[in-house]
Amino acid sequence: MKLTAMAPECGVEVSGVELATCNDAQMQDIKNAIYEHGVAVFRDQEFTPEEHIAFAKRWGGIDINNYFPLNEAYPEIALVKKEPDQQTNIGGAWHTDHSYDQIPAMGSILVARVLPPAGGDTMWAHMGAAYDALPDDLKEEIEGLEAFHTADHVYKSDGLYAQTDQGKSLRGHDVDTGAVHPVVIRHPHTGRKLLYVNTAFTIHFVGQTREESLPLLSKLFAAALTKTNQCRLEWKPGTVAIWDNRTTWHNAINDYQGHAREMHRITLSGEAIAA
Ligand SMILES: O=C(O)CCC(=O)C(=O)O
Ligand SMILES: [Fe+2]
């Protein structure tokens, strides 16, 4: 198995391994690479839906996302889908999946099934590198702070997606979510400090209103994206990406209007997170 960095501080391309048939030692190396680098990319994979599910089960539990349409034949697989006549995509802004859950999903295994002729890349940003790069006074200011996260303003019947042409494709318009997490968490496996707020789901600091929180939140959001902490994936048929939601933010680039894109996603259960 060979690991090649995708960017100085985020992402790794892994070659010389078949996900569908890898052994337990390779599995452990893959997990460690993802925990450390945030996202791992595998090319030229033969990965049927059955193999996708079997691989996910070797990792741990599968979380069923409340909102995405499910693959009818394989309900463990969510569809991240944009039709040629839809303008809005799923995940088209920097975010961390499931931070609105008190035990957030560890990450996802995303498999390219239908790709546009060009575009439709995905970007990730490493929140360990983001934390390290914060100025000392900002690090001191956020020490011990907690924040409230929810997805209600995104997915509910009066939320952001309902006002777009993705609204009709999504489920869970009545689901209520809410969770409190430390602003700086430690990765459950590597112990690295990670900035754990994100532009999509983090609403306010505990003990402060949204208005009071916004100046510092905005400062953190701006500081979280640096030139060196991001990587960008150009999908090809057979590409699989596995990412860690604690370690990274991601952003699905919506630059392929008029073309279909369909990804199969399995969401992997996580563990409790703490400062
Ligand atoms: O379609 C993509 O590249 C990623 C979409 C997304 O945000 C997700 O699957 O969580
Ligand atoms: Fe996402």
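Heads up: numbering here begins at 1 and tracks the sequence. All ligand and atom numbering here is 1-based and tracks the order in the structure.
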Check each atom of ligand 1 against the heavy atoms of [X] and keep those under 4.0 Å away; list them by number with element.
{"X": "Arg265", "result": "8 (C), 9 (O), 10 (O)"}
{"X": "Gly91", "result": "7 (O)"}
{"X": "Val80", "result": "1 (O), 5 (C), 9 (O)"}
{"X": "Thr122", "result": "2 (C), 3 (O)"}
{"X": "Leu110", "result": "2 (C), 3 (O), 4 (C)"}
{"X": "Asp97", "result": "10 (O)"}
{"X": "His95", "result": "7 (O)"}

Does the plane of the ring in [X] sit parallel, tilted or perpendicular to the ring in [Y]? Use 30° and 60° as the thresholds.
{"X": "His52", "Y": "His264", "answer": "parallel"}
{"X": "His250", "Y": "Trp124", "answer": "tilted"}
{"X": "Tyr155", "Y": "Tyr67", "answer": "parallel"}
{"X": "Trp59", "Y": "Phe55", "answer": "perpendicular"}

If we only count N/O pairs under 3.5 Å, is His250 in contact with ligand 1?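 By distance alone, the answer is yes.
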Within a radius of less than 6.0 Å around NZ of Lys168, do more than 12 heavy atoms belonging to other residues, nucleotides or ligands occur?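 Yes, the 6.0 Å shell around NZ holds more than 12 heavy atoms from other groups.
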Around atom CD of Glu18, are there more than 12 heavy atoms from other residues, nucleotides or ligands closer than 6.0 Å?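 Atom CD in Glu18 is crowded, with more than 12 foreign heavy atoms closer than 6.0 Å.
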Specify the protein heavy atom at minimum distance from atom 1 (O) of ligand 1: its residue, its atom name, and the distance to 0.1 Å.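 The closest heavy atom on the protein side is Arg261 NH1, 2.7 Å.
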Please report the C-alpha distance between Thr177 and Asp152 in whole Å, then the side-chain angles of each, then the deciding distance to 0.1 Å, and finally whether the side-chain hydrogen bond (donor to acceptor under 3.5 Å, both in side chains) criterion is met. CA-CA 6 Å; Thr177 56; Asp152 293 3; 2.9 Å; yes
Tell me whether ligand 1 is touched by Trp243 - counting only heavy atoms on the residue side and a distance under 4.0 Å.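 Per 4.0 Å heavy-atom rule, Trp243 contacts ligand 1.
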Would you find a donor on one side and an acceptor on the other, under 3.5 Å apart, between the side chain of Asn229 and the backbone of Ala224?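 Judged by distance alone, yes, a pair lies under 3.5 Å.
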Applying a heavy-atom cut-off of 4.0 Å, say which part of Ile90 lies close to ligand 1: side chain, backbone, both or neither.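 For Ile90, the contact with ligand 1 is made by the backbone alone.
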Vertex the Fe ion (ligand 2), arms to His250 NE2 and Asp97 OD1, rounded to 10°: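 The two atoms form an angle at the metal of about 100°.
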Knowing that exactly one of Asn254, Thr88, Asn89 qualifies, which makes a side-chain hydrogen bond (donor to acceptor under 3.5 Å, both in side chains) with Lys82?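 Per the side-chain hydrogen bond (donor to acceptor under 3.5 Å, both in side chains) rule, the option paired with Lys82 is Asn254, out of Asn254, Thr88, Asn89.
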Which single N/O/S atom of His95 lies at minimum distance from the Fe ion (ligand 2)?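 Result for His95 and the Fe ion (ligand 2): NE2.
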